[in-house]
Student: 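Pasting in a structure now, in structure tokens, and then I'll have a few things to ask.
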Amino acid sequence: MKKLFSRTALILSLCAVSSVAVAEDFPFKKQIVARQAFMQVYAYNLGLLGAMAKGEADYDAKIATGAAGNLLAAAKMDNSTMWPKGSDAEAPGLDGKTRAKTETWSTYPKVTEKHQDLTDALIEMAAVAGNGLDAVKSNMGAVGKGCKGCHKSFRVPKDE
Ligand code: HEC
């Protein structure tokens, strides 16, 4: 009896696990998770530079050079397969799963121009981030604009 009980318990727990997995599944999950993680890599590295620029962290040439280099490396990464057509916020099943606007695809290649603006700013930042706090500070605005410029056009605002 004990054996039967534990087997039943195991089956029940397996069912619980699989129903959670089904509930969490949505179209283009892999790509959406990957591109959001990719954006988090941007945010993490920009945060290191931002903390120095705001005086919340001491300037450290090695950390600044690393963060700026990572941002540029990320921008140069081919992430095109993370943005399949039909994986926008209005697509069936994707409400609340992604904030990528339909315009990302419907106005293509505009989004690539925004990406280029960021890359240009990051080339400048990566070239000088090790030269001192002033160099970081003076390039922060352009990098921030590079991010925001794309979000404004292609990311659904948080409250929508
Ligand atoms: C070429 C356009 C573009 C550029 C440039 C861009 N982003 Fe994004 N970002 C997006 C889009 C679109 C989303 C929504 C992705 C989704 O939810 O599927 C997003 C989402 C995010 C998110 C939320 C990720 C999550 O976990 O849901 C963060 C954070 C972010 N971006 C930070 C940045 C930072 C920092 C930069 C600049 C260094 C940047 N982004 C540059 C288009 C861009």
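Remember, it's 1-based here, ligands and their atoms both numbered in the order they're listed.
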Student: Check whether any side-chain heavy atom of Lys114 sits under 4.5 Å from a side-chain heavy atom of Ser153, and report yes or no.
Tutor: yes

Student: Donor-acceptor pairs under 3.5 angstrom involving side-chain atoms of residues 43-55: please list them, not counting sequence neighbours.
Tutor:
residue, atom, partner, partner atom, Å
Asn45, OD1, Asn70, ND2, 3.0
Asn45, ND2, Val41, O, 2.8

Student: Measuring from each atom of ligand 1, which residues have a heavy atom under 4.0 Å away?
Tutor: Arg35, Gln36, Met39, Gln40, Tyr42, Ala43, Leu46, Trp83, Thr98, Arg99, Ala100, Val111, His115, Leu118, Gly146, Cys147, Cys150, His151, Phe154, Arg155

Student: Between the main-chain N or O of Trp83 and the side-chain N or O of Trp105, is there a donor-acceptor pair closer than 3.5 Å?
Tutor: yes

Student: For the pair Thr98 and Arg35, evaluate side-chain hydrogen bond (donor to acceptor under 3.5 Å, both in side chains) and give the outcome as yes or no after the intermediate values.
Tutor: CA-CA 10 Å; Thr98 175; Arg35 73 198 188 201; 2.9 Å; yes

Student: Could you give the side-chain donor-acceptor pairs of residues 123-144 under 3.5 Å, partners two or more places apart or in another chain?
Tutor:
residue, atom, partner, partner atom, Å
Ser138, OG, Asp134, O, 3.0
Ser138, OG, Ala135, O, 3.2
Asn139, ND2, Ala135, O, 3.0

Student: Mind checking what makes side-chain hydrogen bond (donor to acceptor under 3.5 Å, both in side chains) contact with Thr102, not counting sequence neighbours?
Tutor: Asp88, Glu90

